[in-house]
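All residue numbers refer to positions in the sequence shown, counting from 1.
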Amino acid sequence: MSKLNSPALRTPSSTQKTPKRRKCTDPVEVSCRIRPVSGTTCAEQINDNTLKITAPAGSQTFKNNPVSLFYTFNSIFDEETTQKACFDKLALPLVDDLIRGKNGLLFAYGVTCSGKTHTMIGQANNPGILPRCLDVVFNSIGENQARPFIFLPDDNNGMKIQPEYQAALMKNQKERQKRQEERLRKKEGRPETPDLSKADEIRIPDSTKLDCVNEDSAYAVFISYIEVYNNYIFDLLEEDQVNEYGHPVLPESKKVGEDTKNKVMYAKDVAEIEVKSTEEACAQLWRGQERRRKAATILNDKSSRSHSVFNIRLVQAPYDEEGKQILLNKEMITISQLSLVDLAGSERASKTNATGSQLKEAGGINSSLMTLHTCLETLRANQIAGRNIKMVPYRESKITLLFKNFFEGSGKVKMVVCVNPRSEDFDETLHVMKFAELTQDVQVQRGQEVHFDENVLQPGRRKQNLLYKRVSGQATEPLGDITNVNTRNSFGFNLPAVPPAFSMPPFPTWTAQDGSSEDKIQAVLAALHERQRIKKDALSDFEKRKQRMRAALIQMEKENEELIYKTTQGSDELSALREENEQMRLNHAKLEKDFLKLKRENDKLKKQNALYLCERKQVLEEKKLTEEKIKREIERRENIKKTFKVVVGREKEKWEKNAEQMIRRVDLRAAQQESKLRQVLEIVGGVSGNDQGSAGSDLSSSDDTAIFSAASRNTSV
């Protein structure tokens, strides 16, 4: 969980409001660092606080108003200034505030290729501000570091605390898990994760040490590293995620949340890693740098395409009244934070020739920087007016939303402006100068002092405990400086009981003038008897104490032997359980691999079965459609056949009727013709009978009738 604006969880003085007293404010401290370049330049340092900008002949400013411009800063670092000098001036006071329980913000601003990343991170042999901050923190807290896993991040931008035995168990569990993962990696033949902390060059640490550490408190250092890319927040330190098939999954963007207690903005679900040395922190830093989005442009081979935020959170909690254990009271925890921000450089597409995704990235960078400019301008306008005449648009960009609480008084704000003094970049440099001038006019409420509970717990109790351990032969930690330990009372814990003092009564005064006075002799004898009685009582008391001590030592020896036996037995059982657990883990890994293999085969069979069912369904549907089509065709043919039979029957009946009618007409016609022929024959026969005999007449008449009948039939046909 990345948290940009986390004020101290316990700041008693913050609850005491004095409305009649005006709040103290400080301007944002702005410094300038000039990058060394070759050729003509447009920037010249006049003194420690003034920078002169001269417009070159080809710039638009020279055409409009060819004059030099002067800008004032809190401090200016020229080309010869070392990384150490920049750190001492810019970040060392913020580290001092961090140890004292205050928050701080330092961000680098400038155009692309102006030296921002070099100033913030640097190289191994020439570290920048960030590694030096870590060096000073660890140099200062030294032996006051708490054991690992005593403090744990919660889900609401805070910290929770647990006893040492739980922390030890968690540490052993983490180490065991790490060894198991390493064995599994070797067994599967996966390549070893590269150690990014091993740089090609030897890292030169910063030896500065601050003396503001509270020796009666335990400290822990947590770091987180995020980037804001195209207005999306990504965690640079989270573990790589894979799906159920072992394939990498794209990282998810994080949301900005507000904790319920202090009402501060922070990036949710971001990994916070506890580190015990600068080397561990730098290893995580290089790991995050490898993940940060970069691209090559004309102006910069490794141009940052996102804003990065590196958070150092220092957690401290007091020791108990005996100086032995850390108080398990969450309300006594103090959290301070130092946020180091490397803003991506503003750029013009006409100079970088950016296209495609790089052009979109440049648009996102310029848009977020413009939102930051608008927020600062609105803040200044509201402060000049003495009231909020306009709402500050923090929510228009994720980077300004994360900075919101800093500009509203949760910590000190500093900015270092990195300048590329080339004459070709004058217009961009002028824009940066105007932004720096605007930032210096913004007032930020001064952070209140954090008061620890010095009146409740006795100062110096931890040194007293270490001194007692040293005297009793139990010391396991260095004592440090114990010359100022207050030993006039107890050491703050239960010391063994001191035997009472046995004082002898004084002898009665006896001078030479007293002579042999009987009273004096009796007084001396009484004193001698009293002394003898006291001595006898003292010897008796000593013997009793010796016997009790001896019995206690014997009992302790027995208990020690029992503990050794139980420890040995427990160690054997633990070894057996570890071996059994390792075997179970291997079996589990094997079963998990077999399960994944079977699951993949099952998924494959499911897909094939799904395809088969789909094809079967299609075939059944096609069969059903074909059967319905055939059935309809048969029905259609049956209907046609029936219709044809009906039509044929009707036509047959019609033709039969027509034929009968035609036959009747033909027969009628034939009968009529035959009748006519008979009449004709009768007429003809009557005439011819007169001329011939009757025999010949009958014969010719019958012949003529036959001839006419045949002719009639031929005619009808």
Chemist: Salt bridge or not for Asp135 and Arg203, using N-O below 4.0 Å?
Modeler: yes
Chemist: Just wondering, do Lys599 and Asp594 contact through their side chains at under 4.5 Å, heavy atoms?
Modeler: no
Chemist: Do other residues, nucleotides or ligands put more than 12 heavy atoms under 6.0 Å from Leu620 CG?
Modeler: yes
Chemist: For residues 616-628, which residue pairs qualify under side chain to side chain donor-acceptor pair (under 3.5 Å), counting only residues two or more places apart or in two chains?
Modeler: none
Chemist: Taking the side chain as every heavy atom from C-beta outward, state whether Val275 and Leu134 have any atom pair closer than 4.5 Å.
Modeler: no
Chemist: Would you find a donor on one side and an acceptor on the other, under 3.5 Å apart, between the side chain of Asn156 and the backbone of Gly158?
Modeler: no
Chemist: Ignoring hydrogens and geometry, is there a side-chain-to-backbone donor-acceptor pair from His307 to Ala344 under 3.5 Å?
Modeler: yes
Chemist: Do Leu106 and Leu94 have side-chain heavy atoms sitting under 4.5 Å apart?
Modeler: yes
Chemist: Give the minimum heavy-atom separation between Arg292 and Ser306, together with the two atoms involved.
Modeler: NH2-O, 2.6 Å
Chemist: Does atom NZ (Lys276) have a neighbourhood of more than 12 heavy atoms from anything else shown, all under 6.0 Å?
Modeler: yes
Chemist: Using side-chain contact (heavy atoms from CB on, under 4.5 Å), reason through Leu236 and Ile226 one step at a time and then give a plain yes or no.
Modeler: CA-CA 5 Å; Leu236 297 176; Ile226 63 172; 5.7 Å; no
Chemist: Run the salt-bridge test on Glu408 and Lys404 with the 4.0 Å N-O cut-off and return the result as yes or no.
Modeler: yes
Chemist: A side-chain contact here means heavy atoms from C-beta on lying under 4.5 Å apart; do Leu105 and Phe403 qualify?
Modeler: yes
Chemist: Using a strict 4.0 Å threshold on nitrogen-to-oxygen distance, state whether Asp269 and Lys255 make a salt bridge.
Modeler: no
Chemist: Without swapping roles, check the side chain of Asp206 against the backbone of Arg132 for a donor-acceptor pair under 3.5 Å.
Modeler: no
Chemist: So, taking the atom named CD1 in Ile273 and the one named CD in Gln284, what distance separates them when rounded to the nearest 0.5 Å?
Modeler: 3.5 Å
Chemist: Taking all non-hydrogen atoms of both residues, which atom of Asp155 and which atom of Tyr266 are closest, and how far apart?
Modeler: O-OH, 3.6 Å
Chemist: Hey, does Phe107 have a side-chain heavy atom less than 4.5 Å from the side chain of Val413?
Modeler: yes
Chemist: Between the side chains of Asn311 and Ser339, is a donor N or O closer than 3.5 angstrom to an acceptor N or O?
Modeler: yes
Chemist: Heavy atoms only: give me the nearest Lys116-Leu343 pair and the separation to one decimal.
Modeler: CE-O, 2.8 Å
Chemist: Between Thr400 (side chain) and Glu396 (backbone), is there a donor-acceptor pair under 3.5 Å?
Modeler: no
Chemist: Is a side-chain donor-acceptor pair under 3.5 Å present for Ser336 with Arg313?
Modeler: no
Chemist: Hey, are the side chains of Ile233 and Ser253 touching, using non-hydrogen atoms and a 4.5 Å cut-off?
Modeler: no
Chemist: Keeping Ser410 on the side-chain end and Asn405 on the backbone end, is there a donor-acceptor pair under 3.5 Å?
Modeler: yes
Chemist: Please set out all donor-acceptor pairs under 3.5 angstrom arising from side-chain atoms of residues 578-589, sequence neighbours excluded.
Modeler:
from   : atom 1 : to     : atom 2 : distance (Å)
Glu582 : OE1    : Arg183 : NH2    : 2.8
Glu582 : OE1    : Arg585 : NE     : 3.4
Glu582 : OE2    : Arg183 : NE     : 3.2
Glu582 : OE2    : Arg585 : NH2    : 2.7
Gln583 : NE2    : Asn587 : OD1    : 3.4
Asn587 : ND2    : Gln583 : O      : 3.2

Chemist: Ignoring hydrogens and geometry, is there a side-chain-to-backbone donor-acceptor pair from Asp235 to Ala271 under 3.5 Å?
Modeler: yes
Chemist: Can you name the nearest heavy-atom pair linking Phe151 to Ala146, along with the distance?
Modeler: CE1-CB, 3.9 Å
Chemist: Mark yes or no for whether Gln162, through its side chain, and Phe149, through its backbone, hold a donor-acceptor pair below 3.5 Å.
Modeler: yes
Chemist: Any heavy-atom pair between the side chains of Ser217 and Tyr219 that's under 4.5 Å?
Modeler: yes
Chemist: Do Gln316 and Ile99 have side chains that get closer than 4.5 Å, going by heavy atoms?
Modeler: no
Chemist: Any sub-3.5 Å donor-acceptor pair from Asn144's side-chain atoms to Val213's backbone N or O?
Modeler: no
Chemist: Check whether any side-chain N or O of Ser140 sits under 3.5 Å from a backbone N or O of Val136 as a donor-acceptor pair, and report yes or no.
Modeler: yes
Chemist: For Ala317 and Ile326, which heavy atoms make the closest approach, and how far apart are they?
Modeler: CB-CG2, 3.8 Å
Chemist: Check Glu252 with Lys268, please: is the shortest side-chain N to carboxylate O separation under 4.0 Å?
Modeler: no
Chemist: Minimum heavy-atom separation for Ser368 to Ile399, with atom names?
Modeler: CB-CG2, 4.3 Å
Chemist: Is the backbone N or O of Ala168 less than 3.5 Å from a side-chain atom of Arg147, with the two atoms forming a donor-acceptor pair by type?
Modeler: no
Chemist: Show your reasoning for whether salt bridge (Lys or Arg N to Asp or Glu O under 4.0 Å) applies to Glu331 and Lys261.
Modeler: CA-CA 12 Å; Glu331 298 300 324; Lys261 184 175 183 179; 3.4 Å; yes
Chemist: Determine, stepwise, if the pair Asn609 / Tyr612 fulfils side-chain contact (heavy atoms from CB on, under 4.5 Å).
Modeler: CA-CA 5 Å; Asn609 185 39; Tyr612 167 74; 4.2 Å; yes
